Amino acid sequence: MSFQKRLRKTRNIGFAAHIDAGKTTTSERILYYTGRVHRIGEVDDGAATMDWMPQEMERGITITSAATTCEWDDHTINIIDTPGHVDFTVEVERSLRVLDGVVVIFCAVGGVQPQTETVWRQAERYGVPRLAFINKMDRIGANYHDVLHQMRTRLGAEAVALQLPIGAEDEFRGVVDLIEQKAWIYSDEMGAEGEEIAIPDDMVELVGLFREHLVVSLADMNPELEEKFFAGEDPTVEEMKSAVREATLAGKIVPVLAGSSLKNKAVQLVLDAIVDYLPSPLETAAVIGEHPKTGEQEERKPDPDEPFAALAFKVAADPFVGQLTYLRVYSGSVSKGDRILNADNGTKERISRILRMHANSREDIEQIGPGDIVAAVGLNATTTGDTLCAVNAPIVLERIAFPEPVISVVVEPKSQADEEKLNEALARLRLEDPSLHMETDDETGQQILSGMGELHLEIILDRLTREFSVGVNTGTPRVAYRETVTVAAEADERFVKQTGGRGQFAHVKLRVEPAAADEKLVYEDESKGNEIPPEFRGAVRGGVEDAMRGGPLAGYPAVGVKVTILGGSFHEVDSSDVAFRVAASLAFSAAFKYGRPTLLEPVMLAAVVTPDQYFGDVVNDVTTRRAQIVDVEPIGGNARTINLRVPLANMFGYATALRSLTQGRATYSMEPDRYDPVPQDKLEELTE
């Protein structure tokens, strides 16, 4: 098969959604129907192929994104199954960065849930075309039309139904295809074969209305269909599919499908839609990067004759082969044994093996080219986000942005023998997970591990024990507070030190004032003439940044501060980088104290789904946690979603409390929203 033909028949797609919407269940069915596995693994049984980590099997959730490859209708589909829990949103972020298309899965009962919105925003940022699959149509309270409405109002998506469900809840049997005007039902338990039937009589009118809406929507975007529409002609199936594909790739519409993965109904039609409507690597735009030395913009097209360029989007430790580096190849080709350049750090490395991954199993391949998503062995100097390229044609692609951690815990080895093992294990885990931070408290010498949430840190600590056999003691989880100023203030500090020989002298005057909450540091230098010589100005900024790492109020990092250097002075002999760095640090700390400093706390956007009978108890409980209720949405006939903003510090242990209040029938999810000033009584408590 020629290269162009192979690429045209390749799809790089991912499944993304809120937790428990059915991503892994759907991917298991796809692997079964494509012949990749011969037995369906169930998430609830801990037997899902894509959830291979022990922690995933026990909890029934996806923690790390898993890659696999399968074949359907003479097409190769590379699939990445991503986590739905907000604590592991970094996995979704880096997956969407390298995918050409994504299937966003919605629960027919829950609709648009908080993590769905996060995934949607991530896909929007990277311009990834989407299909929507409304799953769990067999569940009590399933409402296809309500989810369509939520997609349009809450996500701002031009959601266009390509299918209508036949029945709902326990009467869900199959779907009507609006393009082909065919109905499919799935009667056998495994759903291996769909049976074509006539469109049910009670649906004929509704199907007509929805098909007309589909044709009108496509005619608005496609001149050829518009002509046919005004001429009163019905477009052909091929013309409609072509128009849907064109509009989907342009991001103008989101085709919507329906089904039930758990009950094996209509999953094959999702595969058909992936092939029909999501892009091949040839249909994606050329990737843009910069020359590492000149900074000039360059592009790489999906062509094997272009210079090699790939992005390392994930690093994982494999007990059998060592470090695995997951790559998305954008241009050119390399073979096993070739030398390539890491453009971010200038290191030349040799690819010793190339592996096609299937969850945690693998198969060796000899060569890779544009569109391939594979794992490479031998790239030990490469980290997540690095660009790998041809030695003679360097290029640096845009790095992946990762969120800041919101929760910390003190970790220490149980014995001195575990200390070195703990440091090595944490270094390995941080290489795999860029959202995991590690630092040492200067005052206590304790190691502080920071992550995206309680579950994130719980999984990391569990892996330390299981995978690395490290005994660890942990302290109480701590919130990642931040410090800021509320008014403008100035300080004028000198650093003078005389010893027997050459002394140290520096003088810095600066002003601090509040900046936008999402800005860490806004820096301006208004010093005149030679008050601070140019060679020392970098040291002044370095001193400010040093002081910001631990604010003077309670030792938390400072954010949202504008610093203006107003002036200073120097000594021709005694001034040095070190002296100006210290003077700037002292001036910042002094000005910060005069600027009425306060603490900022992370506030979470949470959604609690509860049966109506527990609604009052749940509201009373979240109110005591300083929660602000944003709105309440009814779900089905007997449940509600409570959307609220609540300080993270008040949500420790909430999962247990919620289970106790509702006999285990309510669920909740959270994601970081913003930082807000802490109340005065809390401020006094934290700064004592």
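In what follows, every heavy atom counts, from backbone to side chain, and hydrogens, waters and symmetry copies are set aside. Because the structure is a prediction, the values reported are computed rather than measured.
- With respect to the salt-bridge test (charged N to carboxylate O, under 4.0 angstrom), the residues R11 and D100 do not qualify.
- A donor-acceptor pair under 3.5 Å is absent between the side-chain atoms of D364 and the main chain of R353, judged by distance alone.
- Between the side chains of S585 and D546, no donor-acceptor pair is found at a separation under 3.5 Å.
- With respect to D462 and R466, a salt bridge is recorded, a charged nitrogen being found less than 4.0 Å from a carboxylate O.
- You'll find the ring centres of Y668 and Y654 inside the 6.0 Å limit.
- In this structure, the side chains of T641 and V608 stay at 4.5 Å or more apart for every pair of heavy atoms.
- F313 is not listed as a side-chain neighbour of R97, based on a closest heavy-atom distance of 4.5 Å or more.
- No salt bridge links R463 with E458; every basic N to acidic carboxylate O contact stays at or beyond 4.0 Å.
- A distance of 8.0 Å separates CD1 in I79 from OG1 in T69, rounded to the nearest 0.5 Å.
- Ion pairing of D676 with R674 is present here, as a side-chain N (NZ or NE/NH1/NH2) and a carboxylate O approach within less than 4.0 Å.
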Between D673 and R645, is the salt bridge (charged side-chain N to carboxylate O under 4.0 Å, His left out) condition met? List the steps. CA-CA 8 Å; D673 183 42; R645 285 190 176 88; 2.6 Å; yes
Stepwise, does the side-chain contact (heavy atoms from CB on, under 4.5 Å) test hold for E545 with L521? CA-CA 8 Å; E545 291 172 347; L521 169 65; 4.1 Å; yes
Set out, in order, the CA-CA distance, both residues' side-chain angles and the distance that settles side-chain contact (heavy atoms from CB on, under 4.5 Å) for I13 and L99, then state yes or no. CA-CA 6 Å; I13 63 109; L99 290 171; 5.6 Å; no
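- In this structure, a donor-acceptor pair under 3.5 Å is absent between the side chains of S261 and T25.
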Assess whether side-chain contact (heavy atoms from CB on, under 4.5 Å) is satisfied between L355 and I365, documenting all intermediate values. CA-CA 6 Å; L355 305 170; I365 55 177; over 6 Å; no
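- Note that OG of S589 and CG of L553 are 11.5 Å apart. Values are rounded to the nearest 0.5 Å.
- Separating the NZ atom in K421 from the OG atom in S469 is a distance of 5.5 Å, to the nearest 0.5 Å.
- For the pair R328 and Y326, the NZ or CZ position fails the cation-pi test of under 6.0 Å to the six-membered ring centre and within 45 degrees of the ring normal.
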Could you walk me through whether K314 and V98 pass side-chain contact (heavy atoms from CB on, under 4.5 Å), step by step? CA-CA 10 Å; K314 178 173 176 173; V98 299; over 6 Å; no
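- A heavy-atom distance below 4.5 Å is not found between the side chains of T34 and Y32.
- Residue L422 holds its CG atom at 11.0 Å from CD of E420, rounded to the nearest 0.5 Å.
- With contacts defined as side-chain heavy-atom distances shorter than 4.5 Å, the pair L461/V411 qualifies.
- One finds no salt bridge joining R356 and E363 here, because no Lys/Arg side-chain nitrogen approaches an Asp/Glu carboxylate oxygen to under 4.0 Å.
- With 3.5 Å as the limit, one finds a donor-acceptor pair spanning the side chains of N342 and T382.
- We find the CG-CD distance between L683 and E601 to be 10.5 Å, quoted to the nearest 0.5 Å.
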Go through the steps to decide whether R625 and D621 satisfy the test salt bridge (charged side-chain N to carboxylate O under 4.0 Å, His left out), and finish with yes or no. CA-CA 7 Å; R625 297 172 185 270; D621 181 68; 3.0 Å; yes
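- F308 has its side chain within reach of I340: a pair of non-hydrogen atoms, C-beta onward, lies under 4.5 Å apart.
- Side-chain atoms of V603 and Y675, non-hydrogen and from C-beta on, never get closer than 4.5 Å to each other.
- Here L436 contributes atom CG and L426 contributes atom CG; the two are 7.0 Å apart, rounded to the nearest 0.5 Å.
- Between E483 and T598 the shortest side-chain heavy-atom distance does not fall below 4.5 Å.
- Taking a cutoff of 4.0 Å between a charged side-chain nitrogen and a carboxylate oxygen, R428 and E424 do not qualify as a salt bridge.
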